[in-house]
Protein chains: 2
Amino acid sequence: MSQQIEKKPKQNKPSYHHGDLRSTLLNAANVLLKETGIESLSLRKLADKVGVSRTAPYHHFKDKNQLLCAIAEQGFVHWQQDAELIFNQTGLRPKEQYRQFFHGYISYAADNPELYDLMFGRTIWKQNSATNALRDVAYPSFHYQVGMTKKWQQQGLMPSGEDTLRLSQVTWGTMHGIARLLIDGIYADRSHIDEMCDCAINLFTLQISV
Amino acid sequence: MSQQIEKKPKQNKPSYHHGDLRSTLLNAANVLLKETGIESLSLRKLADKVGVSRTAPYHHFKDKNQLLCAIAEQGFVHWQQDAELIFNQTGLRPKEQYRQFFHGYISYAADNPELYDLMFGRTIWKQNSATNALRDVAYPSFHYQVGMTKKWQQQGLMPSGEDTLRLSQVTWGTMHGIARLLIDGIYADRSHIDEMCDCAINLFTLQISV
DNA sequence: AGCATATGTTGACGCTGTCAAGATAACAAA
DNA sequence: TTTGTTATCTTGACAGCGTCAACATATGCT
């Protein structure tokens with residue numbers, strides 16, 4: 001324990017071994033990702049920023065893809081925490097809870113566009129290159145949402161006639177679509193996004209609802 | 001006129017000047033795009049496939065981005081033609097027309113995933129790198145869809161209480177979201193897509209509809 | 001103390017987009 | 001027809017990228 005504490009803050013003495021390169025790389029990658037975008041996030045620049053040689057990261061990540069998966073993994077953890085904050089809130093009418101969830105989803109995407117692209121984009125998923133660790137975080141997130149949809153149906157907020165899985169796929173698809181149109185620069189104007197969300201919520205929830 | 005006809009089919013005599021390199025490049029690019037994906041579509045491979053030197057394409061496209069925009073442009077033209085085929089069909093009940101349009105949209109994306117990604121993806125739109133020519137084809141497509149939504153509202157198919165622009169943004173967002181989840185490898189299973197589409201259509205159209 | 005292992009380094013390779021400079025053909029004007 | 005301009009195509013070069021191989025150094029266990 002005390003060894004770890006001593007190792008991490010190597011303030012003035014840059015030693016041959018970094019000590020905590022993996023998490024340092026992850027943090028720096030998150031910053032670079034937010035600042036310059038995924039397009040210009042290169043392992044070489046990242047290593048340079050951290051102050052190690054180009055190939056040092058390869059001792060902590062098999063390749064660039066594994067680094068990206070690790071970043072996405074963190075994103076899912078944080079996102080799930082945000083969502084549960086809303087779901088666990090007590091004394092909230094179902095419609096208001098759904099509203100908060102919907103707007104929260106879009107806000108998360110809008111505030112972290114590059115991260116969102118990594119979490120739900122083709123870079124990772126298209127080539128089936130997702131790490132097992134990433135899958136272990138991502139899949140439960142989806143299922144959690146299906147469970148919430150089922151609850152909303154039972155509460156009379158959403159039409160109970162529709163198959164729960166299909167319904168949650170559609171509602172999620174809508175959130176994903178709006179998020180993507182926004183972060184990909186097609187709905188450049190974020191000022192109308194809230195109205196779009198409310199319109200979608202109207203369409204998905206029953207008028208005579210709780 | 002007759003000059004052009006003579007120029008194009010340089011069958012056996014490979015001359016210094018290609019004669020019709022621009023469209024040849026575009027065609028080859030479409031093939032490469034479909035076969036190997038946008039990720040591995042490089043100008044060098046493209047030039048090699050066509051049989052010219054690496055830098056020859058630069059005399060017809062300022063840079064790679066302009067080539068991509070030209071491909072996307074073609075995609076919009078074809079897509080618009082497909083859509084108008086459905087819109088102009090006579091004797092179709094509104095709901096059935098909307099159904100065909102929705103399924104047609106998803107099918108187009110599923111059949112041309114890489115092209116769809118180019119047309120509606122961040123590669124082109126995020127950095128505001130879209131050509132004027134591309135904008136001139138893309139924007140009217142959006143507006144055309146808004147017009148159709150208005151008509152569907154007037155016909156009593158969709159809720160007339162919602163703002164037309166917002167409504168079309170949401171319905172388009174849903175189609176876009178489903179399309180993206182499919183082509184990005186998140187909804188890997190295409191067999192359920194039709195059911196998802198019908199579920200969405202149910203949610204967007206009024207029960208007592210024409 | 002010695003040795004295995006983890007971690008860091010430089011060198012090299014092939015790939016990419018793109019610029020500069022030169023070669024060749026097409027075309028318009030004289 | 002000849003001459004000069006322009007469009008088109010060529011090779012050479014450069015910097016950046018991901019990643020492998022070979023080597024250096026520190027850490028930790030026996």
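Chain letters run A, B, ... following the sequence lines, proteins first and then strands; every chain starts at 1. Note that the structure is a prediction, hence the values are computed from the model and not measured.
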Nearest whole Å is fine: how far is [N] [atom2] from [X] [atom1]?
X       : N      : atom1 : atom2 : value
A/Arg44 : D/dT19 : CZ    : P     : 11 Å
B/His59 : C/dA25 : NE2   : P     : 15 Å
A/Leu43 : D/dC20 : CG    : C1'   : 14 Å
A/Tyr58 : D/dC20 : OH    : C1'   : 9 Å
B/Leu21 : C/dT24 : CG    : C1'   : 15 Å

| field | Within residues 60-73 of chain B: residues closer than 4.0 Å to DNA chain C (heavy atoms) | value | B/Asp63, B/Lys64
| request: Enumerate the residue pairs fulfilling side-chain hydrogen bond (donor to acceptor under 3.5 Å, both in side chains) with a member in residues 53-71 of chain B, sequence neighbours excluded, ordered by first and then second residue. | output: B/Asn65-B/Ser129
| note | Heavy atoms of A/His176 and B/Gly177 approach each other most closely as CD2-O, 3.8 Å
| message | Going by the rule ring-ring contact (aromatic ring centres under 6.0 Å, His included), which residues pair with A/Phe61 if we only count those two or more places apart in sequence or in a different chain? | response | none
| task | Name all residues meeting the ring-ring contact (aromatic ring centres under 6.0 Å, His included) criterion together with A/Tyr139; count only those two or more places apart in sequence or in a different chain, and write none if there are none. | result |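 For A/Tyr139, no residue satisfies ring-ring contact (aromatic ring centres under 6.0 Å, His included) once neighbours in sequence are set aside.
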For [X], salt bridge (Lys or Arg N to Asp or Glu O under 4.0 Å) partners two or more places apart:
X        : result
B/Arg190 : B/Asp111
B/Asp136 : none
A/Glu84  : none

Per-pair distances, 0.1 Å, donor-acceptor, side chain in residues 32-39 of chain B, under 3.5 Å, sequence neighbours excluded:
unit_1  : atom_1 : unit_2   : atom_2 : d
B/Lys34 : NZ     : B/Asn112 : OD1    : 2.9
B/Thr36 : OG1    : B/Leu32  : O      : 2.9
B/Thr36 : OG1    : B/Ser40  : OG     : 3.1

| query | Does any residue of residues 46-56 of chain B have a heavy atom under 4.0 Å from DNA chain D, and if so, which ones, in number order? | reply | B/Val52, B/Ser53, B/Arg54, B/Thr55, B/Ala56
| message | Short of 4.0 Å, heavy atom to strand atom, which residues of residues 117-134 of chain A count as contacting DNA chain D? | response |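 None, since no heavy atom is under 4.0 Å.
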| Excluding sequence neighbours, so at least two apart, what forms side chain to side chain contact (heavy atoms under 4.5 Å, CB included) with A/Gln154? | A/Lys150
| task | Apply side chain to side chain contact (heavy atoms under 4.5 Å, CB included) to A/Gln145 and list each qualifying residue two or more places apart in sequence or on a separate chain. | result |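 If we apply the side chain to side chain contact (heavy atoms under 4.5 Å, CB included) test to A/Gln145, skipping adjacent residues, the hits are A/Trp79, A/Phe101, A/Trp172, A/Met175.
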| message | For B/Tyr98 together with B/Phe204, are the ring centres under 6.0 Å from each other? | response |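 Distance test on ring centres: not under 6.0 Å, no.
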